[in-house]
A.B. asks: 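Quick one: structure below, then a few questions.
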Amino acid sequence: MIDLHTHTDRSDGSTDPGDLVRMAVRHGIEALGISDHDTLAGYDAAMPAAAACGLELICAVELSTRPQAQALPGKREPSAHLLGYWLLSAPSAEFRGWLESQQESRRQRNVELVARLRQLGVEVALQEAEIYGRNQVGRPHFARVLCDKGYVSNIQEAFDVYLADDAKAAVDRDEPTLEEGIRRIVESGGMASLAHPVRLPQRGPDLAKLLEHLIDVGLQGIEVFHSEHTPAGTAAYAELARSFGLIPTGGTDFHGENKPRIRLGTGIDSNIHLNYSFLDDMRDMCTARHNQ
Ligand code: AMP
Ligand code: ZN
Ligand code: FE
Ligand code: FE
């Protein structure tokens, strides 16, 4: 079994990177991809534990990218997520430097988010969110504080009322476009895969058109297997991968206690089963493209 889409507490997962490695070994996972949001810190921190346990660690990242179009005036489409996988070589120093600038843009967004919440009569200090997001504060951490302080009764309500991209406290962040994200990943030696396509607003012919365009820019993969995909969705994304010559990628999107329904390696109610041969296939397809 393998899991190529997981988050640690270096972004918005709840699990320490070393603990995630040990958990993966206990679950019988043979290769673990750590794909934290806009950072390689979780992957880096997991390396010593992986070496000690003999677990194959896959270097990955999940970039948040700017939505393509404005949905309605004043509304904002959710950001599109892009996975990067470095299967043949390590990411360049330049890419790591660029990720640092993304961290800075997140910090700036968080300061603006606190101000925006205050305007709405919601008093939350950055330090309170930092208790949950010790390494990188994201909106899920703000959501927990809003719950703790009784402004909302659950995490989803925190997003629906305040934090979602189209909610009252939405703050624009200086995110790269999908095209820039793809270019950065490819130039640094990685392969770019469109994460959980089910969350994109595009369907059918619109999704096909988007894929055609992104492939021109350098997109190599699409996340066929994901905890949020239904069996019919998975089949449809597998067919898209086949017809566009995209490399299928997959994983659970494990976030530990922050998304407790998603289990490491097996997803929601065991809806994910990926064998090691799936990773071999990904690597073979990457190598074939590399040698083209
Ligand atoms: P951030 O990285 O701080 O922009 O927060 C993004 C994360 O917040 C995503 O990875 C989701 O886990 C969560 N999120 C974003 N929008 C929603 C939403 N509408 N409902 C629930 N969770 C959301
Ligand atoms: Zn996340
Ligand atoms: Fe994502
Ligand atoms: Fe994710």
Side-chain angles (χ1 to χ4, degrees), residues 1-6 29-44 46-47 50-51 54-65 80-100 102 176-197 200 207-226 234 237-253 274-292:
M1 179 170 54
I2 62 170
D3 194 339
L4 302 180
H5 187 160
T6 68
I29 286 172
E30 302 156 83
L32 175 73
I34 294 184
S35 55
D36 275 315
H37 298 283
D38 304 318
T39 180
L40 295 168
Y43 167 79
D44 291 339
M47 288 284 267
L55 175 73
E56 183 175 347
L57 202 59
I58 303 295
C59 182
V61 79
E62 184 172 20
L63 299 180
S64 295
T65 74
H81 288 179
L82 185 66
L83 288 158
Y85 288 104
W86 287 265
L87 300 178
L88 307 179
S89 58
S92 66
E94 190 191 345
F95 184 78
R96 284 179 175 274
W98 177 72
L99 285 181
E100 286 301 318
Q102 293 305 297
T177 59
L178 257 177
E179 290 85 346
E180 179 184 358
I182 292 169
R183 250 185 287 114
R184 297 253 179 206
I185 289 169
V186 172
E187 280 168 13
S188 83
M191 71 155 276
S193 173
L194 196 60
H196 39 65
L200 291 170
L207 179 57
K209 228 166 80 185
L210 175 66
L211 288 178
E212 243 167 64
H213 164 64
L214 296 178
I215 289 166
D216 278 346
V217 180
L219 185 77
Q220 290 133 307
I222 183 169
E223 194 171 42
V224 169
F225 298 94
H226 184 270
T234 302
Y237 298 126
E239 176 52 26
L240 276 175
R242 197 196 55 76
S243 61
F244 282 97
L246 286 165
I247 301 172
T249 74
T252 61
D253 212 353
L274 295 172
N275 294 326
Y276 192 86
S277 60
F278 184 81
L279 175 60
D280 274 335
D281 291 344
M282 272 174 69
R283 215 178 252 131
D284 287 348
M285 285 184 264
C286 276
T287 307
R289 274 148 210 249
H290 194 74
N291 294 338
Q292 257 173 22

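Side chains are part of it too, since the values below use all heavy atoms of this structure and drop only hydrogens, waters and symmetry mates.
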A.B. asks: Passes salt bridge (charged side-chain N to carboxylate O under 4.0 Å, His left out), E212 versus K209? Steps please.
C.D. replies: CA-CA 5 Å; E212 243 167 64; K209 228 166 80 185; over 6 Å; no
A.B. asks: What is the distance from atom NE2 of H290 to atom CG of L88, rounded to the nearest 0.5 Å?
C.D. replies: 6.5 Å
A.B. asks: Any side-chain heavy atom of L32 sitting closer than 4.5 Å to one from L57?
C.D. replies: yes
A.B. asks: Ignoring hydrogens and angles, state whether a donor on the side chain of H196 or H81 is under 3.5 Å from an acceptor on the partner side chain.
C.D. replies: yes
A.B. asks: Report yes if some heavy atom in the side chain of R96 is under 4.5 Å from a heavy atom in the side chain of D44; otherwise report no.
C.D. replies: yes
A.B. asks: Closest approach of L214 and L194, non-hydrogen atoms and distance?
C.D. replies: CD1-CD1, 4.2 Å
A.B. asks: Under the criterion side chain to side chain contact (heavy atoms under 4.5 Å, CB included), I'd like the reasoning laid out for T249 against H5: C-alpha separation, chi angles, the key distance, then a yes or no.
C.D. replies: CA-CA 9 Å; T249 74; H5 187 160; over 6 Å; no
A.B. asks: Indicate yes or no for a side-chain donor-acceptor contact from E62 to the backbone of D36 under 3.5 Å, with no hydrogens or angles considered.
C.D. replies: no
A.B. asks: Test your reading of the model: is there a side-chain donor-acceptor pair from S35 to the backbone of T6, 3.5 Å cut-off?
C.D. replies: yes
A.B. asks: If you define the side chain from C-beta out and look only at heavy atoms, does anything of E30 sit under 4.5 Å from L279?
C.D. replies: no
A.B. asks: So with a 6.0 Å cut-off around CE of M47, is the heavy-atom count from everything else above 12?
C.D. replies: no
A.B. asks: I would like to know whether R184 and E180 meet salt bridge (charged side-chain N to carboxylate O under 4.0 Å, His left out); could you show each step before the answer?
C.D. replies: CA-CA 6 Å; R184 297 253 179 206; E180 179 184 358; 2.9 Å; yes
A.B. asks: Establish, yes or no, whether a centroid distance under 6.0 Å links the rings of W86 and F95.
C.D. replies: yes
A.B. asks: For D216 and G218, indicate whether the former's side chain and the latter's backbone hold a donor-acceptor pair under 3.5 Å.
C.D. replies: no
A.B. asks: Between Y85 (side chain only) and L4 (backbone N and O only), is there a donor and an acceptor less than 3.5 Å apart?
C.D. replies: yes
A.B. asks: Do other residues, nucleotides or ligands put more than 12 heavy atoms under 6.0 Å from the CD atom of E94?
C.D. replies: no
A.B. asks: Please assess Y276 against E56 for the test side chain to side chain contact (heavy atoms under 4.5 Å, CB included), listing each intermediate value before the final yes or no.
C.D. replies: CA-CA 11 Å; Y276 192 86; E56 183 175 347; 2.5 Å; yes
A.B. asks: Do the side chains of L87 and M285 get nearer than 4.5 Å, heavy atoms only?
C.D. replies: no
A.B. asks: For L82 and A192, work out which heavy atoms get closest and say how close.
C.D. replies: CD1-CB, 4.3 Å
A.B. asks: Could you tell me the separation between the CD1 atom of I185 and the CG atom of L83, rounded to the nearest 0.5 Å?
C.D. replies: 7.5 Å
A.B. asks: Where is the tightest heavy-atom contact between D253 and H226, given as atom of each residue plus distance?
C.D. replies: OD2-NE2, 2.9 Å
A.B. asks: Answer yes or no: is there a side-chain heavy-atom contact under 4.5 Å between L207 and L240?
C.D. replies: yes
A.B. asks: Can you measure from CD (E100) to OG1 (T39) and round to the nearest 0.5 angstrom?
C.D. replies: 7.0 Å
A.B. asks: Keeping D38 on the side-chain end and S64 on the backbone end, is there a donor-acceptor pair under 3.5 Å?
C.D. replies: yes
A.B. asks: Looking only at non-hydrogen atoms, find the nearest pair between G250 and F278 and report the distance.
C.D. replies: N-CE2, 3.6 Å
A.B. asks: Say you draw a straight line from CD of Q102 to OG1 of T65; how long is it, rounded to the nearest 0.5 Å?
C.D. replies: 10.0 Å
A.B. asks: Quick one: does S188's side chain have a donor or acceptor within less than 3.5 Å of a partner on P91's backbone?
C.D. replies: no
A.B. asks: Measure across V224 and A241 and return the closest heavy-atom pair with its distance rounded to 0.1 Å.
C.D. replies: CG2-CB, 4.1 Å
A.B. asks: Could you report the tightest heavy-atom contact between M191 and C286, atom names first, then the distance?
C.D. replies: SD-SG, 3.5 Å
A.B. asks: First locate atom CG of L99, then atom CG of L63, and finally report the distance between them rounded to the nearest 0.5 Å.
C.D. replies: 6.5 Å
